[in-house]
There are 2 protein chains.
Amino acid sequence: MTRSPWISDLHWVRIGRQTRSQKTQEAILDSAEALFSEKGADASSMADVAAGAGCSVGAVYHHFRDKRALLYALFGRVSEDFRATTQDAVDPARWEGASIRDILKGYLEFSLELGRARPGFQRAGLEASLRDEKLRANLEEAHAELERGLTELLLARRDEMGHPDPVLATAFVLDQLGSMLRTRLDSVMRRSQLETRSDEEFMREVLVSVGVYMQISAPVETENKP
Amino acid sequence: MTRSPWISDLHWVRIGRQTRSQKTQEAILDSAEALFSEKGADASSMADVAAGAGCSVGAVYHHFRDKRALLYALFGRVSEDFRATTQDAVDPARWEGASIRDILKGYLEFSLELGRARPGFQRAGLEASLRDEKLRANLEEAHAELERGLTELLLARRDEMGHPDPVLATAFVLDQLGSMLRTRLDSVMRRSQLETRSDEEFMREVLVSVGVYMQISAPVETENKP
DNA sequence: ATTATCTATAGATCTATAGATAATGC
DNA sequence: ATTATCTATAGATCTATAGATAATGC
């Protein structure tokens, strides 16, 4: 397993030599993730984190040099997860024989699921990255990676598109989907009007919209590819 | 001029009796707006605000009971601006004879301009509303108001739409445009790939996408026929 | 013998106020 | 005579550390 760049000499995290060490460290990260997601890193004190992890403040500082190191380690953990899942999801082999529509449907389902599995984390990430260039760069890079993967998958199927400029159309569609997903998953920007509509209806309309915009062939009634 | 609900007994703001009073108060609000937009309310101390306004901390507290009152007053000022502009923008009289395309183009231009005139404020608003129910409700209401106005304007032109469900189509399109604008204007979520494309190209593609989705009559200057 | 944890606390902010001083306008 | 401002500081957090105590594994 490759170490995340955030766990480095600069942002020191102790590598434990007793078995209990790892358990505590994970409990601290879990507690931090829960707290930071709910009310942000700044509004959570190290005492809160310690309490949530069931240990003392001193123990937290034994594992993480300072609050920033804790934040980096947490981001490292989440972004490692995210990247592993993402890389797997955009693997061309996985989508052999799939249409643009299949891929986009998969992307929507995948994102909604992921976003709901870690509620609030995206917001916490955005907030934290406001104040830290490195986190921001990391966050952008993770998103860019996903976008690159999707772009390649779609452009490999440019024959399906009637749109005169497949590169532009792909960039536009990924912007559209990413933006709409963010709005939908955002814990603050919960628009009452939209919230009444189901994920299924949302996905259906998005696919209709993208379909006519890209001018891809009408949806075949047979569904489902993994 | 109606007083914003935020400037109330609950969230006390002093009404000055000397002419210099108002100047100081506005200087404080200006300073707060700049600081809060740039790094958020929590990360800005009252001493920072005072320094930015060129007065002492004591003076700030003379005008605003506490930090929250300052935040509320600031939001009141911005949201009053926003609502006045918005109400004017969605006045049906203003759009007589205009097509759906005209209206949406106007919306895009208006939003991009407004968002860039107050850079960072949207983000500051989101962040602040994370921790305060009232601000959140106010922010949502302001957005809902704009959305209602636009919805009415569009549904009054439902004859232009070939889409079988104009209500659904309108809601979807407003969600799409709102989301994409937010992404584009967001100071943090500045995606490198998108940033290279101009506002003009952005607006053009959005209008193409919405046009084919809603099935509104093709733009006068047709680009490509299927 | 070393590593991990806890307790207690110093030092750094930051909010908010009290009391002194300056400016305004009746 | 009242209103606005400033200076100085008390009180509340919160981060981070020092030193004491407990648990681990060679």
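Hydrogens, waters and symmetry mates play no part in the numbers below; they use all other heavy atoms, side chains included. Throughout, protein chains are lettered first and strands after them, A, B, ... in sequence-line order, and every chain is numbered starting at 1.
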* For the pair B:Arg118 and B:Asp81, find out whether any cationic side-chain nitrogen is under 4.0 Å from an anionic carboxylate oxygen. =>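 The answer is yes: the pair qualifies as a salt bridge.
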* **salt_bridge(A:Arg136, A:Glu141) N-O dist < 4.0 Å** => no
* **B:Met46 vs B:Arg17, nearer the 5' end of DNA chain C by closest nucleotide** => B:Met46
* Asked: Quick one: on DNA chain C, does A:His63 or B:Arg20 contact a more 5' nucleotide (nearest heavy atom)?
  ->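 The residue closer to the strand's 5' end, by nearest nucleotide, is A:His63.
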* Sequence-distant partners of B:Ala43, side-chain contact (heavy atoms from CB on, under 4.5 Å), two or more places apart -> A:Arg131, B:Lys39
* Let me know, please, whether B:Val57 or B:Gly16 comes out on the 5' side of the other along DNA chain D by nearest nucleotide. => B:Gly16
* For DNA chain D, which nucleotides open and close the run of contacts to chain B, 5' to 3', at under 4.0 angstrom from a non-hydrogen atom? ->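 Listed 5' to 3', the contact boundaries are D:dT3 to D:dT7.
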* To do: Specify the closest pair of heavy atoms between B:Thr170 and B:Leu154, including all atoms of both residues, with the distance to one decimal.
  => CG2-CD1, 3.8 Å
* **Nucleotide forming a Watson-Crick or wobble pair with C:dT9, both distances under 3.5 Å** => D:dA16
* Structure fact -> Any strand, both distances under 3.5 Å, Watson-Crick or G-U wobble: D:dA22 pairs with C:dT3
* Aromatic ring proximity, centroids under 6.0 angstrom, B:Phe75 and B:Phe36 ->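 No, too far apart.
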* Asked: Between B:Arg14 and B:Phe64, is NZ or CZ placed under 6.0 angstrom from the six-membered ring centre and within 45° of the ring axis?
  ->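 That pair does not qualify as a cation-pi contact.
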